[in-house]
Amino acid sequence: MIAVCGLLACNAKTAQKQDLVKVSPTLQKPLAGQKRNNGGEHIDRMTFVEYLDDGDYSQILAKKGDSTIVLINEADTTRNLNRGDKIQVTWKDGTVTVPGDQEDEMPASLLVSVKKTADGPVTAFRNNYGKKIKYTWSAEEEFTSSYLDKVYRLTEYYLTQTKNPLLRAAIKKREELTYSIESAERNGERYRVIGIAPIGPNGSNIVQWLYVEEEKGRVYEYDLPGDKLVAFD
């Protein structure tokens, strides 16, 4: 599989650097266990991660074991997959044109079809929790709607995995949740900081901070007692 998105995304026209996920443009080895049908198409089961729409081509990011798969997406127009959903993917080998003076062609994996085979944690969370998460940000910050959507999906996924007892209790009781978005610097690194809080009768108090590296897109939980950042998947 070929992760061409690194080259394609560099041509994206965005107002500022707002990526939350960085994908390495590494040539990947063929996946073990994949099947090929009579039409020369590959079929395999994967785990959906997210839609990538900030580059010159719409793409789907998925996981197969330890491998990251990027598929050029002109087939999935419903866009109803959530992170962690199990999917069956059919794709074929092809090429895409990389914009530039030479308009070079690059090999790429082209999505033919995708079918959800099982719900992931985000889909289950939405079905069980049944509420929208509220959020706020500083008036000094300017975020695009697509970036705000990325932060929302990241926060939502975190809530499906969190071990924070206050957040787990709030989710179980279906209490309202909110989060704030701000920028901060720590040990010379720039971060986007997400503060998550249950909303109670006396307002909201942040019970968990997430730090997202602006350059690398890595996500960390802030450990208050240890005053340190702990890597989060």
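Position 1 is the first residue of the sequence; numbering continues from there.
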Q: Flag yes if L210 and L224 sit in one hydrophobic cluster, no otherwise; membership is Ile, Leu, Val, Met, Phe, Trp, Tyr, and two members link when side-chain heavy atoms are under 4.5 Å apart.
A: no

Q | Test side chain to side chain contact (heavy atoms under 4.5 Å, CB included) applied to E50 and R83, step by step | A | CA-CA 6 Å; E50 71 167 330; R83 184 168 178 176; over 6 Å; no

(Q) Other residues, nucleotides and ligands only: do more than 12 of their heavy atoms fall within 6.0 Å of CD on E185? (A) yes

Q) In the single-linkage hydrophobic clustering (I, L, V, M, F, W, Y; side-chain heavy atoms under 4.5 Å), do L71 and V114 co-cluster? A) yes

**Q.** Student check: side-chain heavy atoms of D44 and M46 closer than 4.5 Å
**A.** yes

Q) Are side-chain heavy atoms of L229 and E213 found at a separation under 4.5 Å? A) no

Q) Is there a donor-acceptor pair under 3.5 Å between the side chain of N73 and the backbone N or O of Y51? A) no

Q) Would you find a donor on one side and an acceptor on the other, under 3.5 Å apart, between the side chain of D85 and the backbone of G120? A) yes

Q | Short side-chain to backbone donor-acceptor contact, K63 and V49, under 3.5 Å | A | no

Q: For the pair T160 (side chain) and V122 (backbone), establish whether a donor and an acceptor sit closer than 3.5 Å, ignoring hydrogens and angles.
A: no

Q) Heavy-atom count around N205 CG within 6.0 Å, excluding the residue itself: above 12? A) no

Q: Please check if the side chain of Y57 supplies one atom and the backbone of T97 the other of a donor-acceptor pair under 3.5 Å.
A: yes

Q) Are the side chain of Y152 and the backbone of I133 linked by a donor-acceptor contact shorter than 3.5 Å? A) yes

Q | Ion pair K134/E176, N-O distance below 4.0 Å | A | yes

Q: State whether Y191 and R186 meet the cation-pi test: NZ (Lys) or CZ (Arg) under 6.0 Å from the six-membered ring centroid, and within 45° of the perpendicular axis.
A: no

Q. Where the side chain of T162 meets the backbone of L159, is there a donor-acceptor pair that is under 3.5 Å apart?
A. no

Q. Mind checking whether I206 and S180 have side chains closer than 4.5 Å, heavy atoms only?
A. yes

Q) Should the pair E189-R218 be classified as a salt bridge under the 4.0 Å nitrogen-to-oxygen rule? A) no

Q. For K173, does its backbone N or O pair with a side-chain atom of Y129 as donor and acceptor, under 3.5 Å?
A. no

(Q) Taking atom NZ as the centre, does K92 end up with more than 12 heavy-atom neighbours from other residues, nucleotides or ligands that are less than 6.0 angstrom away? (A) no

Q) Does any N or O in the side chain of E74 come within less than 3.5 Å of the main-chain N or O of I72, such that one atom is a donor and the other an acceptor? A) no

Q: In plain terms, say whether R126 and E156 are close enough for a salt bridge, that is, a side-chain N and a carboxylate O under 4.0 Å apart.
A: yes

Q. Going hydrophobic residue to hydrophobic residue with side-chain gaps under 4.5 angstrom, can you get from V212 over to L148?
A. yes

Q.
Within a 6.0 Å radius of atom CZ on R190, are there more than 12 heavy atoms belonging to other residues, nucleotides or ligands?
A. yes

(Q) My understanding is that only one of Y158, Y220, W209 makes a ring pair (Phe, Tyr, Trp, His ring centres under 6.0 Å) with F232; could you say which? (A) Y158

Q: Would you kindly confirm whether V193 and I181 end up in one hydrophobic cluster when ILVMFWY residues are joined by side chain heavy atoms under 4.5 Å apart?
A: no

Q. Transitively linked via ILVMFWY side-chain contacts under 4.5 Å: F125 with L166?
A. yes

(Q) Please report the interatomic distance CG(L52) to NZ(K150), rounded to the nearest 0.5 Å. (A) 6.5 Å

Q: Report the relative orientation of the aromatic rings in Y135 and W137; use parallel for angles under 30°, tilted for 30 to 60°, perpendicular for over 60°.
A: parallel

Q: Quick one: list whatever passes salt bridge (charged side-chain N to carboxylate O under 4.0 Å, His left out) with R45, sequence neighbours left out.
A: none

